[in-house]
Amino acid sequence: MQLRLPTTLSEAQRYLAEGAVPVGGASLVWALWQRDGFPEQAMSLRQLPEANLIEREALGAAVLLHQVDDRVPDVLRGAASTVGTGAVRRTATVGGNIVGSTLRCLLPAALVLNARATVLDRDGSYETDLAEVVAKRPLLLGLRWRDPVVSGYHKADAEAGGPPPLVVATAVHAEGDGRHRLFVAVRDGYEVTSETTPCDTGAEQVLEALSRTALGSLPVPAREAIRKEVTGILDRLDGR
C-alpha cells in the first residue's frame with residue numbers, strides 16, 4: 001500500500017482522482033483491510049494545512065482528538081475528551097470520528113454548533129451540511145461554525161463493551177437584537193436527534209417547546225438528561 005501525504009488541496013484532489021482511499025478513521029477500518037485486503041493507495045491529511053486547523057470557529061478533520069483543547073467551544077472539547085481511552089484519542093482524528101465511526105461522538109457537538117463541513121471530492125472542495133456528511137461519507141477537510149454564547153456537553157457513564165452511552169450536547173447562539181437560540185442534540189443508542197428553539201422565555205417554556213419536538217419522544221432517561229442540561233445551560237446564559 002502506497003501512502004499519499006498531500007500538502008495542498010490540488011494534490012489531495014489528484015490523489016482522490018487516482019483512487020487513493022482516505023485513511024481518516026483507520027483505527028476503525030484497519031481490521032477490515034486486514035480481512036479484505038489493503039488498498040493500492042491510501043491518503044492521509046496529516047500534512048494538509050486546511051485539515052489541521054484548531055481555531056475558535058474552525059477545526060480540521062486531521063486533528064487528533066487529544067489535540068482538541070480550549071481553543072474550541074466547551075461542547076466540542078468535552079466531546080473529544082471523552083472518546084475512548086487516552087491511547088485512542090492520540091490516534092483517532094476528528095474526521096475519522098464523524099465520518100468513519102458508527103458512534104460519531106463529535107456529531108452532537110457539531111450539530112449544536114450549527115457547524116458547516118468543508119469536504120473534498122474529485123471536482124474540488126465545497127461546503128455542505130452535516131446531514132450530507134453522515135449520509136454520503138465524503139472526504140471531510142474540516143468544520144466551521146459561529147462561536148456560541150455558551151455550550152455544554154454531557155456523556156452518561158457506561159460500562160465498557162456495553163451499549164453506547166447517552167450524550168446530550170447544548171449550545172446557545174446569539175441571534176441579534178438581544179435574542180438567543182438554543183440548540184440541543186442527543187445521541188440515544190446509535191441515533192442522533194437534534195432540535196432548536198428560541199430560549200429567552202424561561203427554562204420551563206423552553207423545555208415545553210422542546211417536548212413538542214422529536215426530543216419529546218425519546219426515552220425517559222434521555223428526557224431527564226435533557227431537562228438537566230438545558231436548565232444548566234440556561235442558568236449559565238443568565239449568569240454570564
Mind listing the side-chain donor-acceptor pairs of residues 121-129 below 3.5 Å, one per line with the distance, residues two or more places apart or on another chain?
unit_1, atom_1, unit_2, atom_2, d
Asp121, OD1, Asp123, N, 2.8
Asp121, OD1, Gly124, N, 3.2
Arg122, NE, Leu16, O, 3.4
Tyr126, OH, Glu132, OE2, 2.9
Glu127, OE2, Arg116, NE, 3.1
Thr128, OG1, Glu132, OE1, 2.5
Asp129, OD1, Ala131, N, 3.3
Asp129, OD1, Glu132, N, 3.0

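- Applying the side chain to side chain donor-acceptor pair (under 3.5 Å) rule to Asp74 yields the partners Arg77, Arg236; only residues at least two apart in sequence or on another chain are considered.
- When the salt bridge (charged side-chain N to carboxylate O under 4.0 Å, His left out) test is applied to Arg146, no partner is found at least two apart in sequence or on another chain.
- Residues Pro73 and Asp147 are in side-chain contact: their nearest non-hydrogen atoms beyond the backbone lie under 4.5 Å apart.
- Of all heavy-atom pairs spanning Leu106 and Ala80, the tightest one is CD2-N, 3.6 Å.
- Checking side-chain atoms of Ser101 against main-chain N and O of Ile98 turns up no donor-acceptor pair under 3.5 Å.
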- Message: Is there a side chain to side chain contact (heavy atoms under 4.5 Å, CB included) between Leu234 and Cys199? Walk through the geometry before answering.
- Response: CA-CA 8 Å; Leu234 294 181; Cys199 62; 3.9 Å; yes
- Message: As a quick check of understanding, evaluate side chain to side chain contact (heavy atoms under 4.5 Å, CB included) for Leu53 and Arg144, giving each step before the final call.
- Response: CA-CA 10 Å; Leu53 292 174; Arg144 289 190 176 274; 3.5 Å; yes
- Item | Residues Phe183, Leu113; criterion side chain to side chain contact (heavy atoms under 4.5 Å, CB included); working and verdict | CA-CA 8 Å; Phe183 288 73; Leu113 290 175; over 6 Å; no
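- A donor-acceptor distance shorter than 3.5 angstrom exists from the side chain of Trp145 to the backbone of Arg56, with no hydrogens or angles considered.
- Partners of Glu208 under the side-chain contact (heavy atoms from CB on, under 4.5 Å) rule, at least two apart in sequence or in another chain, are Ser211, Arg212.
- In this structure, CZ on Arg227 lies 13.0 Å from CG on Leu215, to the nearest 0.5 angstrom.
- Of the listed residues (Glu18, Glu40, Glu11), just one forms a salt bridge (charged side-chain N to carboxylate O under 4.0 Å, His left out) with Arg4, and that residue is Glu18.
- Between the side chain of Gln47 and the backbone N or O of Thr7 there is no donor-acceptor pair closer than 3.5 Å.
- More than 12 heavy atoms of other shown residues, nucleotides or ligands fall within 6.0 angstrom of atom CZ in Arg223.
- Qualifying side chain to side chain donor-acceptor pair (under 3.5 Å) partners for Arg181, counting only residues two or more places apart in sequence or in other chains: Glu175, Thr196.
- Put simply, the side chain of Val119 reaches to within 4.5 Å of the side chain of Val133, judged on heavy atoms.
- Nearest approach of Asp200 to Gly178, heavy atoms of both residues: OD2-O, 4.1 Å.
- Side-chain atoms of Val68 and Ile54, non-hydrogen and from C-beta on, never get closer than 4.5 Å to each other.
- Distance CG/Leu103 to CG/Asn97: 8.0 Å, rounded to 0.5 Å.
- Shortest non-hydrogen contact noted between Thr93 and Ala62 is CG2-O, 3.8 Å.
- Note that CG of Leu237 is 5.0 Å distant from NE2 of His180, once rounded to the nearest 0.5 Å.
- If you take CG on Leu130 and CG on Asn114, they are separated by 8.5 Å, rounding to the nearest 0.5 Å.
- Atoms CZ and CG, on Arg71 and Leu76 in that order, are 12.0 Å from each other to the nearest 0.5 Å.
- Scanning all heavy atoms of the two residues, the minimum distance from Gly152 to Val75 falls at O-CG2, 3.2 Å.
- Not a single donor-acceptor pair under 3.5 Å links the side chain of Thr231 to the backbone N or O of Lys228.
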- Message: Run Val192 and Val134 through side chain to side chain contact (heavy atoms under 4.5 Å, CB included) and show every step you take.
- Response: CA-CA 11 Å; Val192 177; Val134 171; over 6 Å; no
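- Between the side chain of His173 and the backbone N or O of Val112, at least one donor-acceptor pair lies under 3.5 Å.
- The two residues Cys105 and Ala79 make their nearest non-hydrogen contact at O-CB, 3.9 Å.
- If you take OG1 on Thr170 and CD on Glu229, they are separated by 6.0 Å, rounding to the nearest 0.5 Å.
- In this structure, Arg89 contributes its side chain and Gly84 its backbone to a donor-acceptor pair below 3.5 Å.
- Remark: side-chain polar atoms of Asn52 are not paired, donor with acceptor, to backbone N or O of Gly60 under 3.5 angstrom.
- In this structure, Glu50 and Leu9 have side chains that are in contact, with non-hydrogen atoms separated by less than 4.5 Å.
- Residues Ser44 and Pro6 share a closest heavy-atom pair of O-CD, 3.2 Å.
- Among pairs with a residue in residues 187-223, none fulfils ring-ring contact (aromatic ring centres under 6.0 Å, His included), at least two apart in sequence or across chains.
- When hydrophobic clusters are built by joining Ile, Leu, Val, Met, Phe, Trp and Tyr residues whose side-chain heavy atoms come closer than 4.5 Å, directly or via intermediates, Leu48 is not grouped with Leu64.
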